[in-house]
> 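What follows is a single structure, and I will ask about it in a moment.
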Amino acid sequence: MRYILGLAGVAAAVFAVLLLRDATLSTHQQVEPDSQIELVMHVSTKGAEAGQTRVEMAEALLLTCRLEVHSDPVGPIEDIGNDRFRVVLSPSMDTTDRRQFRGCLDDWGVDHVRVDVEHLVPIE
């Protein structure tokens with residue numbers, strides 16, 4: 001009886017590890033090469049160098065984080081008011097890339113600039 005319970009315990013542990021792996025594994029889905037995704041972000045700065053604008057600082061962070069995914073800005077960053085900026089990137093991003101890109105933007109990767117992602121959604 002002990003052996004049966006031991007085998008059942010090992011089987012349950014293996015099953016739990018496989019479930020955990022599937023839940024945490026980064027997997028990528030195909031995206032269309034001509035697809036686009038829209039990023040709207042709120043940018044705040046503190047202690048920036050004289051002469052640096054919010055859009056320049058946001059662009060620096062955007063280009064730094066772009067290195068982690070396969071999407072490039074289609075045009076310039078657009079100031080939409082109230083310290084909010086919009087940019088379109090192409091190709092779009094799958095769920096894993098969106099999570100990674102959003103995390104990079106939130107990580108304060110460029111000194112003196114903070115970006116809060118308002119939305120990052122594919123353009124249909």
> Please round to the nearest 0.5 Å and tell me the distance separating atom OG1 of T53 and atom CE of M57.
8.5 Å

> Measuring from atom CZ of R66 to atom CG of L105, what distance do you get when rounded to the nearest 0.5 angstrom?
13.0 Å

> On a heavy-atom basis, which atom in P122 and which in I37 lie closest, and how many Å separate them?
N-CG1, 3.6 Å

> Would you kindly confirm whether V40 and V55 end up in one hydrophobic cluster when ILVMFWY residues are joined by side chain heavy atoms under 4.5 Å apart?
no

> Can you tell me how far the CD atom of Q36 sits from the CG atom of L89, to the nearest 0.5 Å?
9.0 Å

> Taking atom CE of M93 and atom CD of Q100, what is their separation to the nearest 0.5 Å?
9.5 Å

> At what distance, to the nearest 0.5 angstrom, does OG1 of T64 lie from CG of L61?
6.0 Å

> Could you check whether atom CG of L67 has more than 12 heavy atoms from other residues, nucleotides or ligands sitting under 6.0 Å from it?
yes

> Does the side chain of P73 come within less than 4.5 Å of L63's, by heavy atoms?
yes

> Side chains of R54 and D79: closer than 4.5 Å at any heavy-atom pair?
no

> Determine yes or no for a side-chain-to-main-chain donor-acceptor pair under 3.5 angstrom, with S71 supplying the side chain and S90 the backbone.
no

> Please determine whether side chain to side chain contact (heavy atoms under 4.5 Å, CB included) holds for the pair V43 and V115, giving the CA-CA distance in whole Å, both sets of side-chain angles, and the decisive distance to 0.1 Å.
CA-CA 5 Å; V43 178; V115 170; 4.1 Å; yes

> Are V88 and L62 in one and the same hydrophobic cluster, where Ile, Leu, Val, Met, Phe, Trp and Tyr link if side-chain heavy atoms are under 4.5 Å apart?
no

> For a side chain to side chain donor-acceptor pair (under 3.5 Å) with R84, tell me which candidate from E78, H42, E118 qualifies.
E118

> Looking only at heavy atoms, what is the nearest atom pair of P91 and E32, with distance?
CB-O, 3.5 Å

> Going only through I, L, V, M, F, W and Y residues with side-chain contacts under 4.5 Å, is there a path from V87 to V117?
yes

> Just how far is it from atom CZ of R86 to atom CG of L39, taken to the nearest 0.5 Å?
9.5 Å

